[in-house]
Structures are given as C-alpha cells and as structure tokens.
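Report on the following structure.
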Amino acid sequence: MIRSLLAAAGLALCAAAAGAQPLDGTLKKIKDTGTITVATRGASIPFNYLDDNNKQAGFAWEISQRVVEQVKKDLKLARLEVRTLEVTPQTRIPLVANQTVDLECSSTTNNAERQNQVSFSTTFFVVGARLLVRKNSGIKHWSDLVGKNVVVSAGTTAERMLRQLNEKNKWGINIILAKDINENFLTVETGRAVAATQDDIILYSNIARARKPADWEVVGVPQQKEAYGCMLRKGDTAFKKVVDGVITGMMRSGEFSALYEKYFLKPIAVKGSVTIGFPMSSDMQELVRHPSDQPL
C-alpha cells in the first residue's frame, strides 16, 4: 500500500515537472530584471496621451497597466518597476522589435506587414480611415481631393493608404506629413491643407478639442477597416497569452465596456474638459462578443 502511494506521488511530481514551463522571452526578462518597459504617446488621444495634469492616460494606456498588474501577479513579484518610453508612429515598431520596449498599446494597427516584425494582441479597437474637413470646404468624397493639399500623420497606415489612392487614381494630391495627430489637425486648421486623413476615431478626437467643433465634420467612406492591438516581441507566445487574457477577460467581465464609456462617452481632462462622443460601433460590439487577434 505504502509502495503504491509512493509510486503515485512520484508520478504526480513527474507530471507536474513536465507541465511546468520554464520562463523565456519577455516574461523571463521581466522576472530577471524586475522591470517592464511600457510605451507612451504624447498625443494619441484618447488612447495613450498626457492629460492636463501631465499624467499618462488613455483607453489603451489603462489596458497596458492592467497587463502590468497581471504580469506582476503571474510572476509572483513583490515589486515590479514600470519604466516608460515615449514613442512616435515612426519609432514604435522598431523599439518593440529590438526589445527596447516590452509592450506598446496605443493607436497601432495590426496588419500582415507589421507582423513580420512584431506580434499583436487581441484587438481592442476597430477603425476606418476617413477625412476631416471644414463643413464649408465642399469636400464630401475622396475624389474631391484632386489637386489639393492633404495632411496625414507620418509613419501611419493612413499615409500608405493615401499614397496608394493618389498614385492609383492620379489625383495629383500634395501630401503633407505631420509628426503626430496634433500637428495633423493644426495643418488643416490653419489652412495649409484642405483635409486631414487619419483613423476616424482620431479625427473625432480632434474635432472634440477644436476651438469651434461645430465648424468641422468627418466625411468620406472608410477606405479600409483596421484593427488596433497591443504590440509585443515577435513570436513571444507566453507573453502574448498574458496580454490576450487581460483584454478578453475585460471584455467578458464588462470592464472593457466601462473603460470605453470613460474615454469615449464621458469628459476627459484634455484642454480643460472634452468629450469625444463616439458611441461603440457595431464592429466594436461584435469584437467584444467575439474577440480576435486577426488583422482586418
């Protein structure tokens, strides 16, 4: 009897040992150093930005902080130092790819080309590129841009899309590059461009912060739907599992919808107080019901 019990115990220990996976990739790096490096953005409103109190805030930023909390819990760390590094549309992918940044959650599109360099989490937002114009501009459709100045943020999928449209249709658009979404809007606000193109939610956030929001509108049929996801080291399945689990867990618990309401339907501390006023789309509702990490 004793011998049988000892044998059974031995088998259990062997099974446990076999099931235990050694840490590697980002989780090992975090465990060994006691630090995690998370990307910040200066003006990716309302996803990842500095608010009026000079504090990092945003829908995607808060998701990244929940990932940090989960990593600390999973690794059983008494303390986890969070280092931040500000990135731009041009630097964000290289800094994740070379492992300077462990996690980047902002307004970054998941597509097949970028997956050659980095991996993406479960999608947390669905967007479509459109146009921001003055209501009296006479511009309603993409074809109305022929021969005009149009601004787009450099290093974005919107820039590539605009260049492809311009070349394909021979529209003769003069494309002006902005360093971020603030400069993007300033360019069209000051008349240097007749339209700004960007993901629709970014354009609505610009209108909300404008001096005279009623002067502006978003037009043009979305050229393509895109999925925002958190970026992490390419092929890091263990860390991706943690990040995906946080996002899908928030969707199941209702925390995701509450966070959406906080940043898209209620006032946020930008320019005193602004409200984006962007109800959850049918695409977003479907995403919450059926989470996916696939590009659109």
Side-chain angles (χ1 to χ4, degrees), residues 39 41 43-49 57-67 70 89 92 103-112 114-115 119-132 153 156-158 161 181 184 196-209 213 216-232 240 242-268 270 274-296:
R41 296 282 297 276
S44 182
I45 299 167
F47 294 97
N48 192 328
Y49 61 94
F59 182 73
W61 169 254
E62 289 209 29
I63 290 174
S64 74
Q65 297 312 289
R66 283 157 177 74
V67 172
Q70 189 62 49
R92 57 189 171 179
L103 183 67
E104 191 271 353
C105 302
S106 63
S107 49
T108 302
T109 297
N110 173 9
N111 61 29
R114 288 175 172 176
Q115 285 182 4
S119 288
F120 284 88
S121 70
T122 293
T123 299
F124 61 75
F125 213 86
V126 178
V127 297
R130 300 182 69 190
L131 297 167
L132 171 63
S153 296
T156 62
T157 54
M161 177 274 299
I181 65 173
N184 181 301
T197 183
Q198 206 63 54
D199 298 335
D200 51 12
I201 182 57
I202 301 297
L203 300 180
Y204 282 109
S205 77
N206 280 336
I207 290 177
R209 293 179 289 130
W216 302 92
E217 63 181 342
V218 176
V219 301
V221 175
Q223 289 296 307
Q224 58 193 19
K225 290 180 181 178
E226 296 186 357
Y228 287 174
C230 294
M231 281 196 298
L232 55 144
K240 175 174 162 53
V242 175
V243 181
D244 288 349
V246 168
I247 296 172
T248 57
M250 291 174 67
M251 290 176 174
R252 287 193 299 266
S253 70
E255 185 181 6
F256 186 90
S257 296
L259 191 65
Y260 186 100
E261 183 175 350
K262 175 180 177 180
Y263 282 100
F264 296 94
L265 300 176
K266 292 182 177 180
I268 57 176
V270 175
V274 300
T275 303
I276 305 299
F278 194 78
M280 191 176 285
S281 66
S282 58
D283 287 329
M284 283 292 295
Q285 293 173 28
E286 178 65 15
L287 176 67
V288 172
R289 286 191 295 268
H290 303 289
S292 169
D293 66 353
Q294 296 302 300
L296 299 178

Given 3.5 Å as the limit, does a donor-acceptor pair link the side chain of [X] with the main chain of [Y], or not?
| X | Y | answer |
| --- | --- | --- |
| Asn48 | Gly58 | no |
| Thr275 | Gly277 | no |
| Arg114 | Thr109 | yes |

Interatomic spacing from [atom1] in [X] to [atom2] in [Y] - rounded to 0.5 Å:
| X | Y | atom1 | atom2 | result |
| --- | --- | --- | --- | --- |
| Asn206 | Gln198 | CG | CD | 8.5 Å |
| Asn184 | Leu203 | CG | CG | 7.0 Å |
| Trp61 | Tyr263 | CH2 | OH | 10.5 Å |
| Cys230 | Ile63 | SG | CD1 | 6.0 Å |
| Phe278 | Ile202 | CZ | CD1 | 10.0 Å |
| Leu103 | Lys240 | CG | NZ | 12.0 Å |

Any [X] side-chain heavy atom under 4.5 Å of [Y] side chain:
| X | Y | result |
| --- | --- | --- |
| Pro89 | Arg41 | yes |
| Ile268 | Ile45 | yes |
| Ile181 | Arg209 | yes |
| Thr156 | Asp199 | no |
| Glu261 | Met280 | no |
| Ile276 | Ile201 | yes |

Please lay out, stage by stage, how Gln115 and Asn110 fare under the test side chain to side chain donor-acceptor pair (under 3.5 Å). CA-CA 7 Å; Gln115 285 182 4; Asn110 173 9; 2.8 Å; yes
Which is it for Phe59 and Tyr49 under the ring pair (Phe, Tyr, Trp, His ring centres under 6.0 Å) test, yes or no, and what are the steps along the way? CA-CA 9 Å; Phe59 182 73; Tyr49 61 94; over 10 Å; no
Parallel, tilted or perpendicular: which describes the rings of Tyr260 and Phe125, with under 30° parallel and over 60° perpendicular? parallel
Over 60° means perpendicular and under 30° means parallel, so tell me whether Tyr228 and Phe47 are parallel, tilted or perpendicular.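 Perpendicular, since the angle between the ring planes exceeds 60°.
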Do Phe264 and Tyr204 pass the side-chain contact (heavy atoms from CB on, under 4.5 Å) test, and can you show the C-alpha distance, the side-chain angles, and the key distance before you say yes or no? CA-CA 10 Å; Phe264 296 94; Tyr204 282 109; over 6 Å; no
Before you tell me yes or no, could you show the steps for Met161 and Thr197 under side-chain contact (heavy atoms from CB on, under 4.5 Å), namely the whole-Å CA-CA distance, both residues' side-chain angles and the distance that decides it to 0.1 Å? CA-CA 10 Å; Met161 177 274 299; Thr197 183; 3.9 Å; yes
